[in-house]
Amino acid sequence: NRTSPFAFTGNKFEFRMLGSSNSIACANIMLNSAVAEILKRFADRLEGVQDFETALHALLRETICAHKRILFNGNGYDDAWIREAAARGLSNYRTTPDCMPHLLDKKNVEMLTAHGVYTESELRSRCDIMLENYSKTVLIEANTMVEMAKTDILPAIEAYTLDVAKTAEAKKALDAYLVCGYETKLVQKLSALTDRIAERAEALAEAVVALHTIEGVEAEANAIRDTINGDLVSGSARALEALLACVAIAAGVGVVLSL
């Protein structure tokens with residue numbers, strides 16, 4: 001099942017969840033440590049038993065029954081799986097600020113320190129670094145979005161809107177009875193979109209400034225998750241809708257695309 005984050009593809013497992021900007025090292029460290037911990041527990045339980053085969057089969061049966069809820073062979077990209085996972089009681093951490101603090105959960109700290117992989121202070125440092133990296137990355141994207149909206153996107157759409165308005169004006173100068181409904185509707189649509197883009201860009205800029213008053217890496221990451229990301233998505237969607245409208249018309253497609 002290639003839609004699984006940890007797919008069994010015939011004769012091997014494939015870890016398919018790693019982000020494109022991430023090193024495989026961290027994922028491998030966590031997977032190998034988890035496997036080592038479980039194999040240690042299995043070994044501790046099976047060593048010295050009188051009937052190894054019976055004890056092994058009992059252990060396997062017990063393990064599968066305890067963890068069967070994580071097995072899924074359906075479409076992992078479908079929203080139905082999200083609902084199914086919730087019904088099974090599985091965790092679903094949607095953002096970096098949601099999941100990173102769980103690195104410091106007691107069971108995780110105990111496992112990684114017991115095997116000598118990390119010390120507790122190293123884990124805390126890595127958690128802070130990952131959250132800080134998340135915050136910096138999103139803030140760079142936010143500031144870039146504001147800059148693009150104000151210096152590139154809005155001026156380009158305004159210039160095109162002006163051209164359309166001048167076309168309507170020229171037509172009416174030729175014949176005062178022409179309706180120019182197409183130009184009028186297009187100018188209205190693009191004007192509404194530019195207003196919304198400007199509003200979202202301003203809100204995004206204000207949200208970035210407000211973050212300067214927040215103290216603590218985790219608190220800042222949570223604030224960015226709750227505010228900046230939503231403004232980024234909304235602003236990008238409106239800007240893309242306006243640009244697609246301009247491009248479609250300029251290319252002679254004859255339709256206005258929208259999100």
Side-chain angles (χ1 to χ4, degrees), residues 1-49 51-135 137 217-218 221-222 225:
N1 182 357
R2 291 182 175 274
T3 68
S4 168
F6 199 33
F8 181 69
T9 56
N11 61 350
K12 63 186 182 302
F13 282 100
E14 294 181 6
F15 188 63
R16 308 173 63 85
M17 192 187 290
L18 190 69
S20 60
S21 64
N22 291 343
S23 167
I24 191 64
C26 182
N28 276 340
I29 288 171
M30 299 306 169
L31 288 172
N32 290 337
S33 299
V35 170
E37 172 66 17
I38 294 303
L39 292 179
K40 176 181 178 296
R41 294 181 189 179
F42 285 0
D44 291 343
R45 179 164 169 177
L46 295 173
E47 287 175 353
V49 298
D51 188 343
F52 180 81
E53 290 295 327
T54 301
L56 175 60
H57 282 82
L59 175 59
L60 292 176
R61 185 164 48 250
E62 177 185 315
T63 302
I64 291 174
C65 290
H67 302 289
K68 188 177 181 180
R69 64 194 177 117
I70 70 171
L71 301 178
F72 178 71
N73 292 316
N75 183 3
Y77 297 152
D78 196 316
D79 286 343
W81 166 231
I82 297 178
R83 296 189 292 271
E84 173 64 21
R88 296 186 185 191
L90 301 178
S91 300
N92 181 20
Y93 303 121
R94 295 174 178 269
T95 68
T96 298
D98 289 333
C99 66
M100 278 311 304
H102 290 284
L103 177 64
L104 302 178
D105 287 352
K106 182 179 179 181
K107 63 176 183 177
N108 297 329
V109 173
E110 288 179 350
M111 178 192 73
L112 292 166
T113 56
H115 290 280
V117 180
Y118 292 119
T119 64
E120 184 172 351
S121 60
E122 288 174 332
L123 288 172
R124 295 189 179 279
S125 295
R126 276 162 174 74
C127 182
D128 286 347
I129 290 170
M130 291 294 290
L131 288 173
E132 186 177 12
N133 183 63
Y134 165 84
S135 297
T137 300
V217 175
E218 186 172 348
N222 288 335
R225 174 200 61 199

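Only heavy atoms go into these numbers, but all of them, side chains included; no hydrogens, no water, no symmetry mates. Predicted model, so just to flag it, every value in this text is computed and none were measured.
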Atom pairs and distances, side-chain donor-acceptor, residues 100-114, under 3.5 Å, sequence neighbours left out:
from	atom 1	to	atom 2	distance (Å)
His102	ND1	Asp105	OD2	2.9
His102	NE2	Tyr93	OH	3.3
Asn108	ND2	His102	O	2.6
Thr113	OG1	Val109	O	2.6
Thr113	OG1	Glu110	O	3.3

Side-chain donor-acceptor contacts of residues 62-70 below 3.5 Å, not counting sequence neighbours, with atom names and distances?
from	atom 1	to	atom 2	distance (Å)
Glu62	OE1	Arg45	NH1	3.1
Glu62	OE1	Arg45	NH2	2.9
Glu62	OE2	Arg45	NH1	3.0
Thr63	OG1	Leu59	O	2.8
Arg69	NH1	Arg88	O	3.2
Arg69	NH1	Gly89	O	3.1

| request: Name all residues meeting the side-chain contact (heavy atoms from CB on, under 4.5 Å) criterion together with Ala55; count only those two or more places apart in sequence or in a different chain, and write none if there are none. | output: Leu46, Val49

| query | Do the side chains of Val35 and Ile38 get nearer than 4.5 Å, heavy atoms only? | reply | no

| So, for Ala221 and Tyr134, which heavy atoms are closest and what is the spacing to 0.1 Å? | O-CE2, 3.7 Å

| request: Under the salt bridge (charged side-chain N to carboxylate O under 4.0 Å, His left out) rule, collect the residues that match up with Glu132, sequence neighbours excluded. | output: Lys136

| request: Taking Asn222 for its side chain and Glu218 for its backbone only, find out whether a donor-acceptor pair lies under 3.5 Å. | output: yes

| said: The criterion is side-chain contact (heavy atoms from CB on, under 4.5 Å); which residues satisfy it with Asn11, sequence neighbours excluded? | reply: none

| message | So, using side chain to side chain donor-acceptor pair (under 3.5 Å) as the criterion, who are the partners of Asp44 when residues are at least two apart? | response | Lys40

| field | With His57 via ring-ring contact (aromatic ring centres under 6.0 Å, His included) - residues at least two apart | value | none

| message | So, using side chain to side chain donor-acceptor pair (under 3.5 Å) as the criterion, who are the partners of Thr54 when residues are at least two apart? | response | Asp51

| said: Just verifying a value: how many Å separate Ser121 OG and Arg126 CZ, rounded to the nearest 0.5 Å? | reply: 9.5 Å

| field | Of all pairs that satisfy salt bridge (Lys or Arg N to Asp or Glu O under 4.0 Å), the ones with a partner from residues 22-37, not counting sequence neighbours | value | Glu37-Arg41

| field | Residue list, side chain to side chain donor-acceptor pair (under 3.5 Å) with Thr95, at least two apart or on another chain | value | Asp98

| Those residues that, when tested against Ala85, pass side-chain contact (heavy atoms from CB on, under 4.5 Å) (two or more places apart) | Trp81, Leu90

| Charged N-O contact under 4.0 Å between Glu120 and Arg124 | yes

| remark: Leu131 and Pro97 have their tightest heavy-atom pair at CD2-CA, 3.9 Å

| message | What's the separation between atom CG in Asp78 and atom CD in Glu84, rounded to the nearest 0.5 Å? | response | 11.5 Å

